[in-house]
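Structure record follows, encoded as structure tokens.
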Amino acid sequence: MIRPILSAAAVAALATAAPAAEHGGVKVGMITTLSGGGAGLGIDVRDGFQLALKMAGADNVELVIEDDQRKPDVAVQLADKMIQSEQVDVLTGIIWSNLAMAVVPAAVNQGKFYLSPNAGPSQLAGAGCHENYFNVAWQNDTLHEAAGAYASGDGGFSNTFILAPNYPAGQDALTGFKRTYEGELAGEIFTQLGQTDYAAEIAQIRASGADSVFFFLPGGMGISFMKQYADSGVDIPLVGPAFSFDQGILQAVGAAALGVKNTSQWSKDLDNEANVAFVAAFQEEYGRLPSLYASQGYDTANLLLSAMDKADVGDMDAFRAALKEADFASTRGDFAFADNHHPIHDIYVREVIQEGDVFTNKIVGTALTDHSDVYGADCQM
Amino acid sequence: MTLLLFLEQVLNGLQFGVMLFLMAAGLTLVFGVMGLINLAHGSLYMIGAFAAAATAAATGSFLLGLAAALAAAAAAGAIVEVAVIRRLYPRDHLDQVLATFALILIFSEGTRWIFGSFPLFLDTPPWLSGPVTLPGGIQYPLYRLALIGVGLAVAAGLFLLIARTRLGIQIRAGESDREMIAALGIDISRLYTLVFALGAALAGLAGALVGAIQSVQVGMGEPVLILAFVVIVIGGIGSIKGALVGAILVGLTDTLGGVLLPLLFGVFLDPSAAMSIGSALASMSIYILMAAVLVVKPQGLFG
């Protein structure tokens, strides 16, 4: 097994920081994906998080960053190490739901806070919710529910073809879409996880007589699908969650994605003070446009900082209450926590556009207002 | 399902099959001639795709990109053969698997280091974009037809190379008895480097061709590598003919299985149950095919 890589930033933090607790500071353990195929997401979350700390001039946050390589077993080892030998107060950073399910329940039961910057599996929003677990991104179904609401609402579609990979998040995606979608389904397909060729599915879509297509194919799967879809000559409108239209992916898809509607809780053109400052600072610092993952990392750090202003992490009840207040300026505008510690927020509809050489998104509407997930009803804390 | 849709799916399966053949041909040559299990073959596929994407982005020419893919993958193959693989021929398969697995990690992180973590852009050239209408009214992407053509042309070229040329004779002789051909004065290490570079170039070509309709990203080679191993096990290790037949069988089984099995279960189950059982069974179908072939012919079809 390869030894986890300690990032340069983490080394610097370890070398310079005194034990955090003396200054009423917080020690944060970030476990995220920094190598392999899914590394773009983890890097954006990390960069957004670090940017927020830097902009706030927070010298009382000690950040330890480790790479989980997108492997649950590695993530569990790292979490054990961070809890037992690093003695962090707060954990964060995990991108993938299967890794979150492996790490979060054990961590929060050992008296650590966990702030999720991305994964929001339904189990942790419902019966498995925990008072020390806060999700700053979304519950996994949320963006799909927004897509369903948009498709049969403003989109005006009544016969949608839906597809997603055959794994838990893919099944949740189709369930989420169907929860809010009111039209007929022209067809429903589960593809293989990691599938790269969609010719067979595209032929079925062409033959189905659908008036729109909803797809959830994160990462490389979405790139492949959209390029092949554009090349096939099928021109049925596409709708999807933001994951396939994220800033890191759009450049690889190119013109094939132009005009596609996608749902997101964040967009770089959201006009609020926090977001304008974030987008400008991110471009200044890293020389690229931020993605929604970066905005989530940034929000997570600002949530943490807002709680640190109000309470000491040593007093867990006070700190938890301070987190619950969510008294920070989110890049997505209004933000509050529901009783299950998942966001109440608006979900927007974006359209893929071209600005100069760069493909990006602009907001064209609102799909859901003050939305919270349905699993909160099962949550007892 | 209409006949036209079925025919379109057969074309899709065929196209998938010939691309798998480009991967499997190199793998089976290296395994057959040198007795080497090369897990890093998928990395050469990735190198081809990245070289094509970078060159096409810099020059605007897809054909130059393809040439760069061939050159980069062949060069990477030759360098790896001379630097690492050569030391592995006398070792047992476990050592080879370990060393070539290490190569995967080195190539993946090296590529990420050079090109960054985000997928690259590589598109089909304008003169091959868009659909064409085939006889019978099937709308089919021109690029995929071109892939089928290129794949079959490469297959024909390889057959000629193996059957008709001096190099082919040496390769076939090397497969049967490497001491003997060394004794006959053939420079065996040069032959091995050449075969390895040839296999690498084919993988790189496949990566570049497929990269234009898929995503060019780190780790793109590994899923294909697994399928390529299935292909050479079905076809018989070391056999180019077996690789072609195996690749087309796997391509057709995978594509048609994914389409037909859910329909089949739909006859007696409700749609969403049929979909999930059918999809699950479809993803197993090529492995079931492999098991069935091995029961009947333990050495593979042409082994």
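Proteins get letters first, then strands, A, B, ... in listed order; numbering begins at 1 in each.
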* If you measure from CD1 on A/Ile223 to CZ on B/Phe121, what distance do you get to the nearest 0.5 Å? -> 10.5 Å
* Can you tell me if A/Arg206 uses its side chain to pair, donor with acceptor, with the backbone of B/Gln139 under 3.5 Å? -> yes
* Could you tell me whether the side chain of A/Lys227 and the main chain of B/Thr124 form a donor-acceptor pair under 3.5 Å? => no
* Could you tell me which of B/Leu120, B/Val216, B/Leu11 has the largest number of non-hydrogen atom pairs under 4.5 Å with chain A? => B/Leu120
* What part of A/Gln192 gets closer than 4.5 Å to chain B, counting heavy atoms only: side chain, backbone, both or neither? -> side chain
* Asked: Side chain, backbone, both or neither: which part of A/Asn166 has a non-hydrogen atom closer than 4.5 Å to chain B?
  -> side chain
* **Leading residue by heavy atom contact count with chain A [cutoff under 4.5 Å; candidates B/Ile138, B/Ile213, B/Asp254]** => B/Ile213
* Asked: Where does B/Ala53 contact chain A at under 4.5 Å (heavy atoms): side chain, backbone, both or neither?
  -> neither
* Asked: CD of A/Gln354: more than 12 outside heavy atoms within 6.0 angstrom?
  -> yes
* Asked: Is chain B contacted by the side chain of A/Ile189, its backbone, both, or neither, given a heavy-atom distance below 4.5 Å?
  -> both
* **Contact leader toward chain A among B/Val210, B/Leu122, B/Thr255, B/Leu4, where contacts are heavy-atom pairs under 4.5 Å** => B/Leu122
* Please look at A/Ala207 and chain B and tell me whether the side chain, the backbone, both or neither of the residue comes under 4.5 angstrom of a heavy atom of that chain. => side chain
* Asked: chain A: which of B/Glu8, B/Glu222, B/Gln15 shares the most heavy-atom pairs with it under 4.5 Å?
  -> B/Glu8
* To do: Drop me the distance from B/Gln214's CD to A/Met221's CE, to the nearest 0.5 angstrom.
  => 12.0 Å
* **Polar side-chain atom of A/Ser224 near backbone of B/Ser215 as donor-acceptor pair, under 3.5 Å** => yes
* To do: For residues A/Ser35 and B/Glu109, determine if any side-chain heavy atom of one lies less than 4.5 Å from a side-chain heavy atom of the other.
  => yes
* To do: Would you mind checking which part of A/Asp246 comes under 4.5 Å of any heavy atom in chain B, side chain (CB onward), backbone (N, CA, C, O), both or neither?
  => neither
* Asked: Considering only heavy atoms, which portion of A/Val253 lies under 4.5 Å from any heavy atom of chain B: side chain, backbone, both, or neither?
  -> backbone
